Structures are given as structure tokens and as C-alpha cells.
Protein chains: 2
Amino acid sequence: MDDGPSTAGQQRPPLRADAQRSVDALLAAAAEVFAESGVDAPVRKITAKAGVGAGTFYRHFPQRSDLISAVFRREVDACAAAAPALTAQYPPLDALTRWLERFAGFIATKRGLSAALHSGDPVYDSLPCYFQQNFEPVLADLLERAAQAGAIRSDADPWDLLRAIGNLAVPLEDGDDHTQRMISLLVDGLRYGAGAGAQPS
Amino acid sequence: MDDGPSTAGQQRPPLRADAQRSVDALLAAAAEVFAESGVDAPVRKITAKAGVGAGTFYRHFPQRSDLISAVFRREVDACAAAAPALTAQYPPLDALTRWLERFAGFIATKRGLSAALHSGDPVYDSLPCYFQQNFEPVLADLLERAAQAGAIRSDADPWDLLRAIGNLAVPLEDGDDHTQRMISLLVDGLRYGAGAGAQPS
DNA sequence: GCACGATACGGAACATTGTTCCGCTTAGCA
DNA sequence: TGCTAAGCGGAACAATGTTCCGTATCGTGC
């Protein structure tokens, strides 16, 4: 969906192969480093993990916010893209649950992002929108399939659920047992109103 | 209200006179520097303005969040404390207007604080509460006096007003003409429903 | 008023991180 | 295969956070 660092680029010549490799490596490394150290992690940590020099980093991401934004979008895309595979592979309720857990994992790597979002940098303005626009339809589809299968009630609002799980998963601390338990609680809640004789797990 | 940096101190021996001077100087300097450069301003800028060494700074504020929190509380106190004098010196409606402008000035120095508040540092958890607990009664009193004088309507909610002006004053950019105009607009709005034949300015 | 111990001060030194610069390497192309 | 522009690496520099310790000051008991 996004093949480069700057989203505002008008018409930029296609990246040379090695440059594309660098960008990919940096995004992958940054995602890992952000997950373990937050978005304020030192540049050197990222370049080291990516195996590139500092110059290369600043060539592709002159502003830190460019990198943060790019990593965020890439991870949103990846998480949203996981849904179809789950839908194809599992029954609707399982697909739903597994995707919610995947989503919680996504949220868990967002330490420090909340503060960045409030920094006032206009680069971030579009991120909440990107978040909603990508996730809401995905979850709506999962919910609808599960509802049509009679596994869950049909009046759940996707956006409500996304925010609820977003809040549940914020901590990131200790084991994610807690988040997982809360998710299954939510899913049980969804099942409660299903047409058939659903029973809590 | 708060005579030292750490709010969690159990029973700490009273500060030596020179230490108290240092703390005061640092808080005053930090307030100025924060206002002009945001809460991420370099430590050296603060110590230079306060006329103290780096060691002194870290002795009193081991964590930056300690300083930010202390400055915030001190300024909340000062702003809230300005109300009685205004009440004594001006008619109720004037006192109300002047205090709201003072409050807007307070908000205008809070660049970067919003991001800090979302950083997750538990030191900040109590600040929003402190903000509300100090300002709401003050404004409620000003509103009530103005309402009893027949200058404004009596159904205004203090907390609503605080948040509204907080939002109006956020920018801090250009001249504060804009904020001032918006405040007088709000006050006119309050006057509109007054019992007597109040007329917009 | 004086001496003494505890407390606090200042600022140089060190550590960490952000950012730039430039000689060298490589991809893409004719 | 050779040329050129794009890209790379990492040393060097700059800005800032943080520590350390010799010196100065305060509060106190006499």
C-alpha cells in the first residue's frame, strides 16, 4: 500500500533495488525496536539491526515521524491483511477470535505511540483515520460472518470493539494472559446473544 | 501547597535555606523555559536561567517528570489563587472575565504538556485531577457571584467552560487576540441569559 | 562568635543520541 | 564493458542528559 517513506511525495522516481532493500530492512528493524523500546528508541539501535549506516537512515527518513508513520501503516496493513487467511482457514467464530488476538498483539507493540500522536506533528494527523478505515471494515466482516453462522449476536459495533480491545491491550506489561482472557470474555459476551443455544466457554 | 519536588516523600527533613532557594529558582526558570520552548527544553537552558549547576538540578529533580509535575502544580496554584484578589477588586462580571483571561494565559504556556501527559509515566496520573480539583471550584465561585449579580445566566457548567477555554487557548501561536476574542464571546454568551436586560458588548 | 559536621553547590567530565558529510560502492543502462 | 547517477557506510561533529567530586555554605552546639 505504501512503498516508501514519504506519503506526500508527488512523483518520485522508482527506488533503486538496493535502496528498496534498505527501506524494507529499516522498516522491519524499526518495527521490532519500537516494539521493545518504544518509538523513542535511538536511531543507532535501528540502523544496527537493519545493518545499514546512519546516512542511509536519514536519506530515507529525514524526520523520525516519517519512520513512525510508515511503520504504523505497514503494521496496520499487515494486521488487516491477516483476516482473509483466517476467514478461509477457520470457522467464523474461531477466525474472529484469532484475529482479535492478532489485533491485540498489534496494539501491544505501540508503546509511546500515543504520546507521539499527541505531539502536534501534522504527519500523525492521518494515522487515527488510517487505523479506523482499515480495521473497521475488516472486523465488521468477521463479525458479520460469525453472526450469520449463528455464533454471535448481530448487534455488535466493530468500532466499539476495536477501541475496547485497544484499551485492554494498552499495558503490554507482564504476560499477555490478561489481554487474552479479556478478549475471550468479550467474545463470550458476543456469543451470549446468539440465536442458537450458545453457552459460555 | 507543595514545598518540594517529590510529592511522594514520606517525611523528608526540611530543606536547607540555600536548597530552598535553588528549588525556587529552578521552578521559576523552568516555568519560563517551558513556556517558550515546551517541556522538552534542554536542562542547560533551565539551569542557566536559574543560575545553578547541573548537579543541583539533578539533586532536586532526578526525573524530568518531577520537574514538570512540580511546575504544573505551582502554576495551577498561582492561577487559582489569583481569583480572590480579582473578586475583591472588580465587579463580578469583570472578575470573571479577567480570571478567564488569566486562565487562558496559563493554558498557553502548556506546549508539549499534552504529549507528556500521554507518555504513560504514572507521575502524571494525578495532574488532570489536580487541574480539575483546583480550577472547578474557583470558576464555580466566580460564576455564581456573577449570576447572583444578575450579570450572567445561572446555568453555566464550570467544567464545560474550563475545557472550552482550554481548547481555545491551546494554539499559543500568533497573538492571543484570537483567544481573547473567543473568551469575550463566551462571556457574552453567558450574559445573554441573565435576568436583567443585559445586552451584548 | 566560633568550630564542626552535614548538606548542598558548581561545573567539568563523561555518556548517549541526533545529524551531517564525503569518499567509496553499486545498480541501471547503453 | 564502461559510464554515470544514485546510494551506501561510518567517522566526525553537535547537542543534550547525567554523574562525580572538590569546594562552599548552612545549621547547630558550645
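Quick note on labels: first sequence line is chain A, next is B, and so on, each numbered from 1. None of the values given here were measured: they were computed from a predicted structure. FYI, side chains are in, hydrogens and waters are out, and symmetry mates aren't considered; it's all heavy atoms of this structure.
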Taking the six-membered ring for Trp, are B:Phe106 and B:Phe135 ring centroids under 6.0 Å apart?
yes
Whole-Å distance between D:dC8 P and A:Asp24 CG?
12 Å
Consider the side chain of A:Val52, meaning its heavy atoms from C-beta on, and name the nucleotide among D:dT18, D:dG9, D:dG7 that approaches it most closely.
D:dG9
Between A:Ser22 and D:dC8, does any side-chain N or O lie under 4.0 Å from OP1 or OP2?
yes
Rounded off to whole Å, could you give me the CD-to-C1' distance for the A:Gln20 and D:dG7 pair?
13 Å
Could you state the interatomic distance from OH (B:Tyr58) to CG (B:Leu67), rounded to the nearest 0.5 Å?
10.0 Å
Over how many whole Å does the gap from A:Arg16 atom CZ to D:dT4 atom P extend?
15 Å
Salt bridge check: are B:Asp188 and B:Arg191 linked by an N-O gap of less than 4.0 Å?
yes
Go nucleotide by nucleotide along DNA chain C from the 5' end; which of A:Thr56 and A:Ala17 gets its closest nucleotide reached first?
A:Thr56
Side chains of B:Arg16 and B:Ser22: do they bring a donor and an acceptor to under 3.5 Å?
no
I'd like to know whether the aromatic ring centres of B:Phe72 and B:Phe34 sit less than 6.0 Å apart in this structure.
no
When all nucleic acid strands are considered with a 4.0 Å heavy-atom cut-off, which category describes B:Ala54: base, sugar-phosphate, or nothing?
base
Close residues, residues 41-49 of chain A, relative to DNA chain D [heavy-atom separation under 4.0 Å]:
A:Arg44
Which of these, B:Thr109, B:Ile68, B:Val71, sits in a side-chain contact (heavy atoms from CB on, under 4.5 Å) with B:Val39?
B:Ile68
Ignoring backbone atoms, establish whether A:His60 has a side-chain N or O less than 4.0 Å from OP1 or OP2 of D:dC8.
yes
Answer yes or no for B:Arg153 and B:Tyr192: cation-pi contact, defined as NZ/CZ to six-membered ring centre under 6.0 Å and angle to ring axis within 45°.
no
Can you tell me how far the CZ atom of B:Arg64 sits from the OG atom of B:Ser69, to the nearest 0.5 Å?
13.5 Å
Using whole Å, what does the distance between atom P of nucleotide D:dT16 and atom CG of A:Asp40 come to?
16 Å
Whole angstroms only, please: what is the CZ-P distance between A:Arg59 and D:dG7?
6 Å
Salt-bridge contact B:Arg145-B:Asp141 (side-chain N to carboxylate O under 4.0 Å)
yes
For DNA chain C, note the earliest and the latest nucleotide, 5' to 3', having some atom under 4.0 Å of a heavy atom belonging to chain A.
C:dT17 to C:dG28
